[in-house]
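Below: the structure, in structure tokens.
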Amino acid sequence: MRIQRKKAKPKSKKLFIIIPFLILLFSAGLFGIYFLNQSHSRQTTAPSDEKYYFADSKYSGIRSKFVTRDNKREKVSIEYPITENEKINRLISESIDKIDRDFQNTVLLATVFDKPMTETIGYQVTHNTSEALSIVVNIKQDMNGAHPASMTQFWTFDKKSGEVVGLADFTEQSDEAAEAIMSAAKDNISQTIKQRQQPEIDLNEIINKEALSNFIITNNGNSLAWPLGQASLLPSSYGELTITVPISSVSKYLQNPTARKLANIPKPPEPKPAPAPAPAAPTPAPTTGNKVIALTFDDGPGPYTAHLLDILDQYGAKATFFLIGSKVSGQASVVRSIQARGHQLGNHSWSHPELPKLSVDQIAGEIDRTNEAIRQATGVKPSILRPPYGAVNGVVLEQLRLRNMSSILWSVDTRDWADRNSQIVCSRAVAGARPGAVILMHDIHQTSVNAVPCILSSLKQQGYSFVTIQRLN
Ligand code: NI
């Protein structure tokens, strides 16, 4: 013990000297870093009068870095946003620096200086939630003699991942959704141009998915916008222009988790809860313990119906298609194919109204016109009707009874129109499966059709087979 203590003594003496020395070294280092930082602008190749400083911005969680250069040749002021996400900061600063480098090159190459060239770059935050951040960077440059330039760069970011959210993410790659947003954007531009009494212009050449890929969220999460600088999409003579599309006008196309997470997407009206079927029109009940399931597809025929028929054939599955009468004659061959391949055809009204809101004559017309269209295409008259939104009343049921038809509702709603996601649709269908279940889907959505192989293979493994409504009992 004693020996060890003795031996330890010189060590602690050494430490006594080393520790203060390290502290001193560390402080000197810190001071050095601080000092270097202060004089950073003098260390780089940037012009000697570049200065910068940091300040809080008016936006929560965002600071600004200001960079200025002021001399005979140029007057520059740049405000960079500094968010809590490094990836976001890097993308924005790289984009600003690229523009600034071009400006500096112009300044360097210029020979005559009546007055300094000016560049002002600032930013605005238009949407700032825990999930999403939308930022517009405004760039104004005035190089003597040339036209002053006004440009913008803008993005919506997923705040957590730091990734840019593009239009394709927001519409989940749905062509239909992208088309709807593009057409709303074109309408908005046309309106603005009209108000400003500017000449009409063919927007089909100009507005496409790429042009609209980056967007910002504005208006408290209720609008999508594209703040266009001068000459960025439209000819320079049209000036600056912001395209605005209210989300409510396209919300039907934005029912997906990404869009819901980042903006305010109003839900479309819920289909009414299925009313109890009247005795005259019973929904087939699972009377047997047979492991059979009826897949039903509403609102077609559509562009994916033919592909769906191939999938069903591959699995030896039969299904029931509730068609919208007004769509039948235009796609008679696919309707014939549904019938020819052993599936059942049902009536889903002519124009998809809420039947109880119509007069008796109108209800009769919705049913009869559709029956007639299907009969003309296939030679077969449907014996079942699925009321749009599941909405029926005594008047509707009486009209069905007079025609020897039944109202068919469902026991499993995949809500595939809301979540355009094949995996979600598949797991809902599989989770709801029971012997005798009637599963509701819509073959007008590609994501729904793409969910079918997953549904069929999962449920087949559980011993289910797939039959028409007619064969369910
Ligand atoms: Ni429907």
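Bear in mind the structure is a predicted one, so any value in this text is a computation, not a measurement. Whatever order the structure lists them in is the order used to number ligands and atoms, beginning at 1. What you see below is based on every heavy atom in this structure, not just the backbone, and it leaves out hydrogens, waters and symmetry mates.
Residues K327 and D299 come closest through the heavy atom pair NZ-O, 2.6 Å.
For a distance bound of 2.8 Å, the N, O or S atoms of D298 include none lying that close to the Ni ion (ligand 1). For residue H442, no N/O/S atom approaches the Ni ion (ligand 1) to within less than 2.8 Å.
Geometry note: the Ni ion (ligand 1) is the vertex, H348 NE2 and D299 OD1 are the arms, and the angle is 80° (rounded to 10 degrees).
Here the straight-line distance linking atom NZ of K381 with atom CG of L345 works out to 13.5 Å at 0.5 Å rounding.
Classified by interplanar angle (parallel below 30°, tilted 30° to 60°, perpendicular above 60°), the ring pair F321/H343 is perpendicular.
Checked by atom type and distance alone, the side chain of N188 pairs as donor or acceptor with a backbone atom of T244 at under 3.5 Å.
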